Every structure is written in C-alpha cells, then in structure tokens.
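All remarks here apply to the structure that follows.
Just so it is clear, the model here is predicted, and its values are computed rather than measured. Computation of the quantities below employed the complete heavy-atom set of this structure, encompassing side-chain atoms and omitting hydrogens, waters and symmetry-equivalent molecules. Throughout, protein chains are lettered first and strands after them, A, B, ... in sequence-line order, and every chain is numbered starting at 1.
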Amino acid sequence: MDKPKPSNFIEQIISQDLRDNTTERVVTRFPPEPNGYLHIGHAKSICLNFGLAEEFGGDCHLRFDDTNPAKESDEFVQAITEDIRWLGFQWHGEIRYASDYFEQLYAWAEELIVNGKAYICELSPEQTREYRGTLTEPGKNSPHRDRPADESLTLLRQMRDGDIEEGRMVLRAKIDMASPNMNLRDPVLYRVKQSGHHRTGDSWHVYPSYDFAHGQEDAIEGISHSICTLEFADHRPLYEWFIQNLPVPSTPRQYEFGRLNLNYTVTSKRKLKQLVDENHVDGWNDPRLPTLAGLRRRGVPAAAVRDFCDSLAVAKTDGTVDMAQFDHFIRQNLNDHSPRAMCVLNPIKVTLGNWPEDQQIQLAVPNHPTREEMGERHLPFGQVLYIDRADFTEDTSLSKKKFKRLVLGDYVRLRGAHVIKADAAVHDEAGQVIEILASIVLNTVGENPPEGIKPRGVIHWVAAHDCVPCEVRLYDRLFSDPEPDAGDKNFLDSINPASLTILSNCVAEASLTTAQVGTTYQFEREGYFCLDDRDGTTERPIFNRTISLRDTWSKK
RNA sequence: UGGGGCGUCGCCAAGUGGCUAAGGCAACGGGUUUUGAUCCCGUCAUUCGGAGGUUCGAGUCCUCCCGCCCCAGCCA
C-alpha cells in the first residue's frame with residue numbers, strides 16, 4: 001500500500017534517504033540545554049523529533065547539551081525530563097549528556113591540533129572580536145594561528161589541567177578568517193570554565209563550544225537527521241566541516257525548520273528566566289507562562305499541546321501563530337474529555353419559598369452531555385441555593401434574547417434541576433441585592449414546565465447546605481501586546497496587570513471535594529478549571545482556570 | 001556594502017509548470033440545544049510581495065526589484 005504523501009520537507013527528505021539507502025535507520029534527538037524550563041516552542045521540536053522517529057520506525061534520543069556549566073543545573077535536568085514524560089514521549093535508551101562525550105571530544109580536539117587544523121589563540125575576547133572583522137569586512141588571522149602544533153598541544157593540556165584562567169586563551173579551528181560566513185572565521189572550539197559542572201564536577205576546566213560538540217555528539221549516537229531551528233542554518237557548513245575532518249563513526253545531516261512563535265507571550269528562555277527571577281510571575285510553573293510546567297499547572301492536557309504542535313507546519317517560514325489556534329486545541333480536547341461540574345464564582349443566595357426547609361434531595365446528572373460512559377453524579381438540592389450574581393437582574397425590561405438568565409418575576413431553568421421563578425429581591429442598606437426569594441415550578445426536573453411558562457435560559461447553581469467553599473484563580477494572557485518583544489520594546493512594559501484575578505468566595509458543588517490534580521473539569525457556563533497542585537487545602541481547594549468557554553455573545 | 005533564509009486570505013499553511021488556488025484558526029450569517037458551550041449548515045483569495053520574460057499553459061521556470069528574519073558570544 002502506498003504511504004500517504006509526505007507532508008513536510010523533512011519527511012520528504014527522510015523518505016528519500018530511506019529509498020536511496022543513504023539512511024539505514026532513522027535516529028533523531030531532542031537536545032535541550034539544561035539552563036531553563038521547556039516551553040511550548042520546545043514542544044514543537046519534541047513532537048517533531050519523537051514523531052519522526054515513530055513515523056519511520058526509528059529512535060529518538062534525549063540528550064542534554066550541557067557544555068556550559070556556568071548556566072546549567074540539575075534542577076533543570078529534572079524539570080525538563082519530567083516535562084517530556086508529561087508530554088507523553090519516551091526517549092530511546094538512557095538519557096544522554098554531551099558531558100558523556102567530553103573525553104572523546106577532547107581527544108578529537110588534540111587530533112585537530114596535530115593535523116594542523118586547530119590552534120591555541122591567546123587573543124583577549126576584545127581582540128578576538130576586532131580580529132574577526134565585520135559582516136562586510138574580512139577578519140585577519142590571529143598572530144597565534146601558525147604556532148607549532150606542539151605548542152598548542154602543551155597549552156591545551158595546561159588549559160585542561162586548570163592551570164589557565166578563564167579568558168586567557170581558547171582553542172580555535174583553523175578555517176578561514178575571510179569567510180563571508182562569520183561562523184567559519186576560526187570558531188572557538190574550547191574555552192576555559194572554572195565553574196563546576198553539574199555532572200562532571202571539577203574534573204574538567206575546559207568545555208567544548210556548541211559548534212564543536214553538537215555534530216560530533218550526533219555522530220557518536222548515530223543520529224541520522226539532526227533537526228534544529230533556522231538560526232543554526234549558518235552553522236551547517238561548520239557542522240559539516242567537523243564531520244569531514246574528524247574520524248567520527250557516522251555522518252549525520254543537519255536540517256533547519258522555523259521555530260514556533262506565539263503572539264501575546266514570549267518564548268525565549270532568557271525572557272522567561274527574567275520573568276521568574278524578577279518575580280513578575282510565580283515561578284517557572286506559573287499558569288500564565290507558556291512553559292510546559294505552567295501549562296500543566298494551568299490544566300492544559302498534554303494531548304492538547306501535542307495536537308496543537310501536530311497542526312503546525314514544519315517549514316522554513318518564521319511566522320507567528322495566533323494564540324487562538326492553541327486555545328482551539330485546548331478547548332477541543334477539554335470539551336471531549338472534561339467531566340462537567342458546577343461552581344458559582346460570585347455567589348448570591350436564593351431561597352426557595354415553596355420548598356420545605358428540611359427537605360434535601362439528590363439529583364442525578366450526567367458527567368458529560370454526550371458521553372454516557374463518563375457516568376453520572378448526584379447533586380444535593382435543598383431550600384437554599386447559590387447562583388451567580390451575574391445571572392440575576394431586577395431589570396425586567398431586558399428581552400429574552402438579550403438576557404437568558406433569571407429576571408425578577410420571570411422563570412429560569414436550574415441546570416439539571418427545577419425551573420424556578422424569582423419572586424422578590426432582598427436588599428441591604430446600600431441597595432445591593434443580598435438574597436433572591438424564589439419558588440420552584442413543580443415537577444420540572446427533567447420535564448418541561450407547563451404550557452405558558454417559558455424559562456429564559458439555563459443557569460448553574462450550587463446547594464448551600466452541601467457545597468465546597470473554594471478559591472478560583474482566573475488567568476488571562478500575561479501580555480496585553482500581541483508582540484511584547486518586537487522591535488526595541490521592553491517586554492516587561494506590556495505585562496497585563498489583570499492577568500490574574502483571584503475570586504476567594506466561590507462555592508463548588510459537593511462532588512468537587514474529590515477533585516483530582518491532573519484532571520480538568522468544565523465548570524458549566526464558565527470554562528475549564530483544575531485543582532491547583534500546590535496551593536489550597538482539602539477544606540478550601542483552589543481551582544485554576546485553564547481557559548474560558550468560547551464566548552460568542554458578550555461582545556455583541 | 002558580506003553571507004544564509006523566507007515572502008500564497010486577518011493568522012498558520014497545502015501547492016514539486018496543466019482539471020474551478022486544499023485545509024485549520026479567526027470572523028460573519030443561519031439551525032439544533034436543559035451549558036449564550038458543543039454540534040450542524042453556509043459565507044470568506046478571478047489571485048499567489050512587485051515588474052518584466054519563457055511557455056499552448058506559470059503560485060510553480062528565468063531576470064530584475066521590494067520587504068522581512070538570522071549571523072560580528074570564549075551562549076546554545
């Protein structure tokens with residue numbers, strides 16, 4: 001049977017490589033640097049790399065690119081590992097680290113020196129910059145470029161042994177100081193770092209640069225297709241230079257695709273780190289952040305993240321995807337899978353005059369409107385209830401089309417329960433409604449009311465005698481500007497001051513006492529919410545709003 | 001004034017010279033509905049950054065022009 005037509009350029013390349021036998025087995029890798037948390041942009045790369053391996057029956061490795069000890073830590077390794085698992089992917093074999101290959105990489109560095117292809121340069125960082133030239137002018141050779149190999153070797157060993165201070169000298173490849181590609185103007189291969197490494201401790205004092213490490217790591221692991229983002233396209237000639245000039249065990253190929261950009265947020269590790277470090281948000285897992293940890297805490301299902309990523313094109317254009325597209329996949333997943341429940345965010349008391357004070361019943365309601373297999377639950381019902389303030393008005397002039405909720409003197413359906421009529425409103429001294437006196441229309445549970453009674457709509461409610469007082473946190477976008485970091489803007493200036501609204505007097509239906517971390521519920525007519533996994537108590541849980549329900553009427 | 005990459009609907013995109021330029025998101029109409037949700041039905045590019053050219057035929061090939069992104073870390 002014919003395979004469906006390849007849908008992106010990388011799949012086309014791989015298919016061709018398989019047909020040509022230039023590739024025996026497809027092996028990809030996801031190579032994060034453990035210097036921050038993963039975000040939605042990384043998710044695209046993860047889904048791509050793991051997805052390709054699965055599609056072509058190959059493997060995908062997880063490899064930490066830990067070549068810069070100054071910025072990396074085990075905390076990030078743990079967090080990243082957890083996030084990838086949460087997303088639903090399992091890497092092949094053990095977790096790998098660039099630091100696993102330090103010995104081999106170092107040996108290759110010496111080999112390059114011996115072959116006259118690398119040298120120790122003692123130019124200061126400032127001088128190095130001057131010698132490099134500019135975009136339009138060629139650079140000039142370092143005065144150390146032609147020093148004897150023995151001398152470079154000796155110096156490199158001193159660097160390795162920790163006898164050289166940071167910045168004093170580096171190992172550089174001898175390529176072409178006049179290359180129009182800046183990456184080929186004798187790039188740095190090794191530099192001295194005296195900070196300890198999160199895995200190798202203080203056993204090394206020199207660390208390979210990204211360029212010197214990445215391709216060789218790929219080659220060691222037998223990566224067939226090394227996929228990275230567009231900004232590395234200029235590095236490809238260098239990537240290939242090492243593969244050609246070193247006795248590496250395989251010949252991986254690098255391909256670049258456009259990274260994901262989303263509006264109304266930032267996806268740059270540096271900026272995310274700044275938001276966290278300067279306490280503009282509440283940690284890396286703040287629900288307003290596009291980090292995987294943040295999305296998880298917000299209640300976004302991993303499947304929604306995957307579906308979203310799979311909907312994105314793998315191409316070389318670098319566009320900005322509408323946050324609305326991500327929202328769509330979140331709602332789509334949640335609508336299908338979320339158990340329904342009711343929670344009143346801004347409660348107002350309703351007393352049913354024609355309901356016996358001591359009569360309390362249970363009403364069975366389905367957990368999902370169309371999926372019967374999700375079962376049903378029982379809602380306590382009694383004389384005193386709570387409904388939302390926004391669902392009641394004394395303004396009797398509002399048309400049925402304009403206000404499909406409870407109006408003084410009119411009828412409304414309580415979801416899953418009776419039709420009621422608002423008979424009177426009780427006010428406090430300030431004139432604010434503090435209680436609604438209402439009455440039920442008999443025999444209207446699961447039944448239409450008698451002829452002539454037309455409920456204006458359906459509203460949610462909670463029984464006062466058996467409910468869960470709770471806090472609800474409403475999250476909105478973190479930035480009010482669609483492009484918070486465009487041009488010379490300071491992204492901190494467009495932080496949305498209303499990105500978090502805390503509602504502390506909410507009441508949820510009794511069944512939510514057993515709400516589980518990890519499942520997102522639909523609070524009917526409000527949106528999707530999940531139990532916060534950090535704050536809150538059993539007596540007074542906290543729910544995070546994952547996303548509101550689609551709202552096509554409020555703006556009209 | 002160097003090199004690399006990219007320009008198809010408001011956003012993301014398919015399209016690999018030959019039937020009427022896919023699809024998703026958004027938007028806008030209408031229907032169903034015990035969630036103003038979901039669901040359903042419909043509308044939404046005579047034109048592919050621009051101008052020339054090749055061809056019976058061009059979004060796809062050629063030329064020139066315009067615009068946007070990336071590169072001058074001992075970051076990745």
Side-chain angles (χ1 to χ4, degrees), chain A residues 5 7-9 12 31-33 35 65 67-68 70-72 121 123-125 128-130 132-139 166-172 178-185 187-193 206-207 209-211 213-214 228-237 256 258 260 263 269-270 311-313 315-329 331-332 335-336 340 342 365 368-370 401-405 412-417 419 444-448 455 457-460 482 522-527 548-554 556:
Chain A
K5 202 174 174 189
S7 58
N8 72 52
F9 80 100
Q12 292 180 33
E33 184 189 11
N35 67 344
D65 224 344
T67 56
N68 185 358
K71 296 183 175 176
E72 299 154 3
C121 176
L123 253 24
S124 69
T128 304
R129 195 182 321 123
E130 286 160 22
R132 187 154 31 227
T134 69
L135 296 177
T136 52
E137 305 156 32
E166 290 188 21
R168 268 294 285 116
M169 57 184 76
V170 293
L171 178 68
R172 293 226 256 166
S179 172
N181 182 343
M182 301 297 285
N183 296 117
L184 264 22
R185 321 248 263 225
V188 170
L189 271 36
Y190 265 94
R191 73 285 209 204
V192 175
K193 292 273 179 188
V206 288
Y207 293 89
S209 63
Y210 165 84
D211 286 308
H214 208 92
C228 61
T229 44
L230 254 25
E231 67 269 28
F232 290 100
D234 285 343
H235 294 245
R236 194 182 338 119
E256 312 86 23
L260 166 67
N263 58 19
K269 274 197 201 169
R270 204 210 99 229
S311 82
L312 301 168
K316 294 203 171 208
T317 41
D318 60 345
T320 301
V321 176
D322 259 321
M323 188 62 90
Q325 190 162 330
F326 186 30
D327 291 346
H328 165 77
F329 284 97
R331 291 197 178 99
Q332 178 178 279
N335 179 55
D336 286 349
R340 309 289 123 126
M342 290 193 281
V365 294
H368 193 280
T370 56
K401 186 154 180 103
K402 191 137 191 183
F403 195 80
K404 303 167 82 164
R405 314 177 190 187
V412 80
R413 156 80 64 186
L414 294 178
R415 167 119 257 226
V419 170
T444 48
V445 176
E447 302 289 338
N448 285 329
V458 181
I459 63 172
H460 58 289
Q522 184 193 99
F523 289 176
E524 294 198 67
R525 299 210 315 133
E526 293 288 358
S548 65
L549 245 32
R550 191 156 164 269
D551 178 355
T552 52
W553 56 275
S554 67
K556 285 180 188 172

- Message: With the 90 degree cut-off around zero defining syn, does B:G30 come out syn or anti?
- Response: anti

- Task: Identify which nucleotide among B:G2, B:A37, B:A76 has an atom closest to any side-chain atom of A:Thr136, counting heavy atoms from C-beta outward.
- Result: B:G2

- Task: Counting heavy atoms from C-beta on, name the nucleotide in B:A14, B:A76, B:C71 closest to the side chain of A:Ala313.
- Result: B:A14

- Query: So does A:Arg191 get a side-chain nitrogen or oxygen closer than 4.0 Å to the phosphate oxygens (OP1/OP2) of B:C75?
  - Reply: yes

- Query: Can a salt bridge be assigned to the pair A:Arg191 and A:Glu166 using a cut-off of 4.0 Å between side-chain N and carboxylate O?
  - Reply: no

- Is the shortest side-chain N/O distance from A:Arg236 to OP1 or OP2 of B:G4 below 4.0 Å? no

- Item | Separation between the C1' atoms of B:G10 and B:U16, rounded to whole Å | 28 Å

- Looking for any heavy atom pair under 4.0 Å, which part of the strands does A:Thr134 touch: base, sugar-phosphate only, or nothing? base

- Query: OP1 or OP2 of B:C39 less than 4.0 angstrom from a side-chain nitrogen or oxygen of A:Thr370, does that happen here?
  - Reply: no

- Message: Strictly below 4.0 Å: does A:Arg270 bring a side-chain N or O up to OP1 or OP2 of B:A76?
- Response: no

- Message: Side-chain N or O of A:Arg550 versus OP1/OP2 of B:A27: is the shortest distance under 4.0 Å?
- Response: yes

- Message: Could you check whether any side-chain N or O of A:Ser179 sits under 3.5 Å from a backbone N or O of A:Asn181, counting only pairs where one atom can act as donor and the other as acceptor?
- Response: yes

- Message: Counting only side-chain nitrogens and oxygens, does A:Lys316 get under 4.0 Å of the OP1 or OP2 atom of B:G4?
- Response: no

- Query: Under 4.0 Å: is that the gap between some side-chain N or O of A:His328 and OP1 or OP2 of B:C25?
  - Reply: yes

- Is A:Ser209 near enough to B:A76 that one of its side-chain N or O atoms lies under 4.0 angstrom from OP1 or OP2? no

Could you run down the sub-3.5 Å N/O contacts of the protein with nucleotides 65-70 of chain B?
{"from": "B:C69", "atom 1": "O2'", "to": "A:Asp318", "atom 2": "OD2", "distance (Å)": "3.1"}

- Sticking with atom C1', work out how far B:A22 lies from B:U8, rounded to a whole angstrom. 12 Å

- Task: Could you list the residues that satisfy salt bridge (Lys or Arg N to Asp or Glu O under 4.0 Å) with A:Glu231, not counting sequence neighbours?
- Result: A:Arg259

- Message: If the cut-off is 4.0 Å, is A:Thr317 near the phosphate of B:A13, judged by side-chain N/O to OP1 or OP2?
- Response: yes

- Message: For A:Asp318, give me all partners under side-chain hydrogen bond (donor to acceptor under 3.5 Å, both in side chains), at least two apart in sequence or on another chain.
- Response: none

